[in-house]
J.: 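Right, I'll just put the structure down here and ask away after.
Since we're looking at a predicted model, the values are computed, not measured. In the text below, chain A, chain B and the rest are named by the order of the sequence lines, each starting its count at 1.
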Amino acid sequence: MTQVMLKELAKIYNGSIAPAVSSLSLTLESGSLTALLGPSGCGKSTILKMIAGLLPPSSGDILFDGTSILRKRPEQRGAAMVFQDHLLFPYMNIADNIGFGLKMQRLPKSEIQSRVGKMMELVQLGGFNARKPSALSGGQQQRAALARALVTRPKILLLDEPFSNLDANLRIEMRELLRTLQQEMAITTLFVTHDQEEAVVLSDRIALLLGGELRQYDTASALYAQPNDEEIARFFGGRNFISGTSREGRFECSIGTFTLGGNYRGRVGKLTFRPENVRIGDDSQAENSFDALVLSKIFLGTQTRIRLAAGGEEFDATINPEDALNLEENMTVRVRLPKQSLWVLP
Amino acid sequence: MTQVMLKELAKIYNGSIAPAVSSLSLTLESGSLTALLGPSGCGKSTILKMIAGLLPPSSGDILFDGTSILRKRPEQRGAAMVFQDHLLFPYMNIADNIGFGLKMQRLPKSEIQSRVGKMMELVQLGGFNARKPSALSGGQQQRAALARALVTRPKILLLDEPFSNLDANLRIEMRELLRTLQQEMAITTLFVTHDQEEAVVLSDRIALLLGGELRQYDTASALYAQPNDEEIARFFGGRNFISGTSREGRFECSIGTFTLGGNYRGRVGKLTFRPENVRIGDDSQAENSFDALVLSKIFLGTQTRIRLAAGGEEFDATINPEDALNLEENMTVRVRLPKQSLWVLP
Amino acid sequence: MPALPAGISVTEIDIPHKVRPEKPRSRLFNLAKLSLALLVAWLVLPLLPLALWSFSRSWYFPDLLPSDYSWRAWEYALSSTSGVPQAILRTILIAVATTILSVIVGVPAGRALGLYQFRGKALIEVLVLAPMVIPGIAVALGLHVVFLKLGLAGSLIGVMIVHLIPTLPYMILVMAGVFANYNPAAESQARSLGASALKAFYYITLPAILPGILIGSIFVFLVSWSQYILTLLIGGGRVITLPLLLFNFATSGRNDITGAIGMIYILPGIVLLLFAARYLSGRNMSAGNLGQI
Amino acid sequence: MSERWKITLLLFPALFIIGGLFLGGLVFGLAGSLGYMPLIGLTDWSLDAYHRILSSDSFYLSFVVTFYIAFTSTLISGCLALGAALMLRQTFAGRSVINFLFQINLSVPHLVGAVGILYLFSQSGVFARLAFEFNMISKPADFPAMIYDPLSIGIILQYVWKEVPFIGLILLANLQTIGTNYEAVARTLGASHWQTFRYVLLPLLLPGLLSASMIVFAFTFGAYEIPALLGQNYPTALPVLAYQAFTNVNLGSRPEAMAMAMIIALMSGLMIIGYARLARRYIRD
Amino acid sequence: SAEGPAYKNWDEVVAAAKGETVNWFMWGGADNINRYVSDWVGREVAKRYGITLNRIGINDTAEAVNIVLGEKQAGIDDDGSVDLIWINGGNFRTMKQAGLLYCGYLDLLPNNKLVDWTDISIANDFGLPVDGCEVPWNRAQFAFAYDNARTANPPRSIAELIAWVKDHPGEFTYPAATDFNGSVFIRHVFYYAAGGPKTLLGDFDQAKFDAVAPKAWAILNEMKPYLWRQGKTYPNAIATLAQLFANKEVALYFDYDPAIFGINVENGTFPETTRSYGLEDGTIGNTNYVTIPYNSPNKAAAIVLANFLMSFDAQYEKAKPAVWGAAPAIDLSTLSANDQKTFRALPRNLSVVAPEELAKYTLPELHPDWISAIETGWQENVAK
Ligand SMILES: Nc1ncnc2c1ncn2[C@@H]1O[C@H](COP(=O)(O)OP(=O)(O)OP(=O)(O)O)[C@@H](O)[C@H]1O
Ligand SMILES: Nc1ncnc2c1ncn2[C@@H]1O[C@H](COP(=O)(O)OP(=O)(O)OP(=O)(O)O)[C@@H](O)[C@H]1O
Ligand SMILES: [Mg+2]
Ligand SMILES: [Mg+2]
């Protein structure tokens, strides 16, 4: 149970001008699982390496439970890291791999054995002790790597896209395992991913990083429903942005006037709402209802995406394929935007 | 504009006993885009390679516009292939890569240049002529690979999971590009993927392959709503299967009796319905409505998955996150299964 | 030689100096650097007296430098009387021919071993590698009899062929490694774009494996270039290469001429290395294949 | 074309050459060592040659000396190469120059190196002269004998000189492949610098180090020209002994030469097997 | 032994030789000899006879013998690769015994008349009759060298040497018996132990050997602790001894061919104050020859070359101190008065002992079987 605080952390790599990470401040609560989400090259791995002590920050500080650990060497920090490639030591069998950290701490053999044994049960690798890593499947390898990190009971668990090499089904399985173990052991965890679904499903909070900067640090649903800006909204699949003016809980735009769920200061701004929250064919006279023209209809398998136009603006709705059956191109439909689903961006 | 016909095509690899592809018959209409969908190892790449002439079939025939092309060498078939790894030739610049096929045809330099130039504009790579593939982003590389195949004006375009290495946003962009170009040039296209969403969005028809056998060859919506069997249903994300008996347009099971949208012969069978088609909290007395208990609720980003229980059976519903806000675990809700969304499997 | 300091930095993980200005470690690091410099000096050192001798006329103990300089060793070494110029050409001819042969034979074998899994592969690997770990002299004595019978003993061709024994494994090993990382789908890609098999090889395969061929060739060339005993045994004194001449003078105590021939002898290799440095440096992994037997 | 045919065709030339030349040489050598050399009029199979060499002291002494030289040279080269590779991996100013210098004697033939060592370390060599200059010795004989000496120091120095870059190069390439992530993981799991080296990097490098060492051992075990140039006259290295027997104008000693060659081959063969065992233990499951 | 082409007269030989190439295998470790052979002789025979001379430098004459031997066993009887070998002693014996020589052409050679075949040291090569199978090229006689700037009174006999070595520990050594010169030094000690060579001449006699050998080994072993490196090792080759002498590690040097002293001074290996001398109890002399293998495909040219090597011009050129300084194998008295004068007028290198002086005390060589026995005995009893 360790609280991690990053204070104006920055990193400029030798030889490059632009900072890979710039002035990042972030607090990870004890025992929480935070996802560090961002596109490739935005500095996620860099942050992890700085926390682990594998890379010196250019400036700023890192505190574990309020104490700076910058002066500590990696092996003294208690921050175990798991990489995308499992990086199991190929010449050791699975038990030795998992026991590696304990051996480094010079624990007695019997203790190592019992802790490794328990951990292997936990990650469902019981009985694989003597196998070499190459004799395991991808999922088993990644489970072993996780076990190797967890068995040392690290203060902090750092995961750098640990599942991105696995196929979809395995990935889902591993997520569940990680979530279970993390909660059971209450290890403060920082999880790097560029897959928003993974971040959403897995984490308590998401730190969204774009271009080396922390852009929003919030729960998953807040990031979906209340993004700080349009870029964030787009990152999370937002497709609808309608310009207009907000004033006293209402938003005026070319489509009409909408009642908002909250109050917004800004006068000029953009109204955003998620495609899945657009209601089509609802009771026609309710608040925030208007007529729209169906432009196109694309079957996406579990959903159908409808492109709509109203008041000169275009926007998307995704609805149940079943409900979409009776929609046709060029049809006019009644559309409602529930007020809780509306959000205004500056 | 070429029609492709596979006739009882089979392939048994040297040294293996089980056929990789067994007795496959399939007709690709001129200018259509067909997705070849199936899990890893089901023989998708093998089929493509046989069509391209890179692998001799063990038996069966391949006809282009009614003429067998088995005796033709790959370079004479006019079937251009695009692989999962872009396979751009690393030591040639982009223009040379794209012009490779034309150079092989010994076209005059000026013609190669002009055709390559036009194609590069088309795939939005104008100005990248002199770059080496390694200096392009993943999406650009894949676009170049596509351009390289298209510039030869192949009779048939074979794509082997061309986008699976790209990240989500790029993938969507590339799909749209492919669809546009394919329709514009009306090239008969066979597209291999194991991503059902991709198959659904992109193709005119989907050939579903499981274990080297063609299991269903149909439009996307038919595959979703009317799968031939449970395995197919599961492959497309079906999660709800309730055992019971169907008779005269009705289905009896432990939850109750449901009115079906069609008539089914089979007496004992499984009722299936897609999670997204489950209605929660609808008008309570309508047909096919019943009470169910909320077991759990998982936020998935754009949707929320609700696990429900009724009559001793469990099933999933995915609903709008917004609508899910007022659902709690252990709550009892009114559930409706619209009759058009019900399907009975043998 | 300086011993390996226990704390040499084994990774690129550098600890923030600003944060951990720990002196002992940096001193240790300097020590490591110093020993590296010493090592490199030691590697170059033996070449210096050789160079000096080649210009000396008389250089007696305990003089640190020759008391008299002269060009005569070079004059002799470069004259056709000495046979050195002819020997250079002959040595180069043998090394180049050996290299070409090893490419022709080794590249296909490397492809088979790198790209395919098949029964008996392990056995073939052992066979291919065996000449690398079984000294040539052990084989050459027996081979001499065969070559004698075939009329190859004492001929240039015989020497070229026998040089294949120690060199071919290098080529095959390097190429097997290259092909193990090679994606043959690139050839399929080219075929499906309308390239014939030959063109696909020329335009696609060859450029991809060329760096490997180069590395392999350098190894083969150098091994053949410095071969002594096989040339002597099979060449039977009739195929005079540079090492034979060098040995001749080294054992007859003519340090000046030995020095001059030595200098001449290392020159082509260094030129080759200069040209190939960027392929050999750690960035190219082909060399690492040698560590994979 | 079926795949099996393709593989056969690809392998054929190499197997023809290696099988024909290498195995052929071994087989004829074996026959010769057993006294069967119709070419020189020996047609009686016998173990005489082996008896003769195995009953002479000089063979055993030569064997011991040769093994000692090969083993010591390989060990020292391996250790130094490992250290050098680890240091060369780091980025520092002038690294490319050092790298080049490090590789330079890869291209220098053994024989040239041997002559250089001779000029440096003989009792009247450069170092002896330096020692004289600084009044550490008063005559050449005071300088420790390192050439033609019983400990074969000169020979070992030459091999070390030549083989450190060879092994180093292989290790550098291996290090490149291994990358730094394994070490990073180990550090975050609580391994110190030294532990990381000892438990992670070293085992990862071991296969490469072993194979490279094996090549070096085989070479040093079978080399003729270096001990011929720098070695003492008695006991001499095995290959020198074999070559002397082979070129003896008395043809009767050829079977002995062949027998020695077979013993050299056998020893090297044993090395391969030993290595394969080790390697299997460490890398292949 | 083996039959070669039968030439009726010299002109026939010369005619047949024209355009042929002679592959002459000879020790190649001396640049001046190489120069003499390749440049001067090569140029002359090309000019005079249209023959191409191809000198092939080898480390050890045995290599050439081996080639011929191998070829014979492989059945290559008329297309061998060796046409001429610089040879004597054991190698000659091997070739002769194995029937590897082409013989019986000496009478054809115009210059054969310059050779004094009545001199047993020419008619016998290490006690083995030449029998018309080789052509004399040089004469050599063992001599010692010292640096008169360093050593005032070098030992002048084996007895003196034994005492001198004890007084000057570490300043003397001799090459191992495997070396040609090391072997001849050991023979001098052997002669001393036997009280002179007389009893040892003729075929090998085990009883005689057993009587003398222990004494000789005792002397050498007694010497051992006072040798360079306490006799723990011996130089492998005479060149090593030359290096030791050049670098003042040892005070004495010796060589079967005194010309080498001059050569080494000329080329800067030895100091200019090097002087040489023979022993008062005599030193061993020999003749070295060139011979033609039975399977040489260029016998005519080889014969012409051998004849030319014996010519006044060739022997005179070779005798020049700046060229080689080798003692002639021909009998000077058979030359014209003028030629004799020219020869006598040759300047002598100060470092090279006068041949006349050496010739005063010449000891014969032993039969090769004796030599083998002594060499083996030394390995067994002294080297270990
Ligand atoms: N050693 C280095 N030297 C210089 N620049 C570097 C180095 N390592 C990373 N960078 C740069 O720093 C930036 C951030 O890199 P980082 O690896 O942290 O990204 P990331 O978010 O982990 O990306 P990915 O999702 O691709 O792993 C990138 O622009 C990268 O090019
Ligand atoms: N060269 C081969 N030799 C033997 N078996 C092979 C060969 N290539 C493929 N197979 C086998 O044939 C089956 C089909 O392989 P194929 O590559 O066509 O599958 P795929 O559907 O393309 O899979 P993926 O989605 O993983 O690319 C697999 O079981 C595979 O193991
Ligand atoms: Mg990263
Ligand atoms: Mg595939």
J.: Quick check: under 4.5 Å, non-hydrogen atoms only, which of residues 43-52 of chain A neighbour chain D?
T.: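 So far as heavy atoms go, A:A52 are the residues that approach chain D to under 4.5 Å.
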J.: Provide the closest heavy-atom pair for A:Y91 versus D:Y199 in the form atom of the first, atom of the second, distance.
T.: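 Reported closest heavy-atom pair: OH-O, 2.6 Å.
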J.: Give a yes or no on whether D:F71 atom CZ has more than 12 heavy-atom contacts from other residues, nucleotides or ligands under 6.0 Å away.
T.: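 No - once you tally the heavy atoms of other residues, nucleotides and ligands closer than 6.0 Å, there are 12 at most.
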J.: Looking at side-chain heavy atoms only, is the closest gap between D:R187 and A:R73 below 4.5 Å?
T.: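 D:R187 reaches A:R73 side chain to side chain.
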J.: Taking side chain as everything from C-beta outward and backbone as N, CA, C, O, which of these in A:A80 sits under 4.5 Å from a heavy atom of chain D? Side chain, backbone, both or neither.
T.: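 Its backbone and side chain both get close to chain D.
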J.: First locate atom CG of A:L87, then atom CD1 of D:I178, and finally report the distance between them rounded to the nearest 0.5 Å.
T.: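 Going from the CG atom of A:L87 to the CD1 atom of D:I178 covers 11.5 Å.
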J.: Does D:V185 reach the side chain of A:R148, with side-chain heavy atoms less than 4.5 Å apart?
T.: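 Touching, per the 4.5 Å side-chain cut-off.
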J.: I need the residue from A:N93, A:V82, A:L88 with the largest number of non-hydrogen atom pairs under 4.5 Å to chain D.
T.: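 Ranked by heavy-atom pairs under 4.5 Å with chain D, first place is A:L88.
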J.: I need the minimum non-hydrogen distance between D:L189 and A:A149, along with the two atoms involved.
T.: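 Residues D:L189 and A:A149, closest heavy atoms: CD2-CA, 3.8 Å.
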J.: Run the side-chain contact (heavy atoms from CB on, under 4.5 Å) test against A:T67 and tell me which residues pass, sequence neighbours left out.
T.: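 By the side-chain contact (heavy atoms from CB on, under 4.5 Å) rule, A:T67 matches no residue at all.
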J.: Quick check: under 4.5 Å, non-hydrogen atoms only, which of residues 95-111 of chain A neighbour chain D?
T.: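 A:F100, A:G101, A:K103, A:M104, A:R106 fall under the 4.5 Å cut-off.
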J.: When rounded to the nearest 0.5 angstrom, what distance separates CG in D:N181 from CD in A:Q84?
T.: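 Rounded to the nearest 0.5 Å, the CG-CD separation comes to 9.5 Å.
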J.: Sequence neighbours left out, what passes ring pair (Phe, Tyr, Trp, His ring centres under 6.0 Å) with D:Y60? Give chain and number order.
T.: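 Listed in chain order: nothing, the list is empty.
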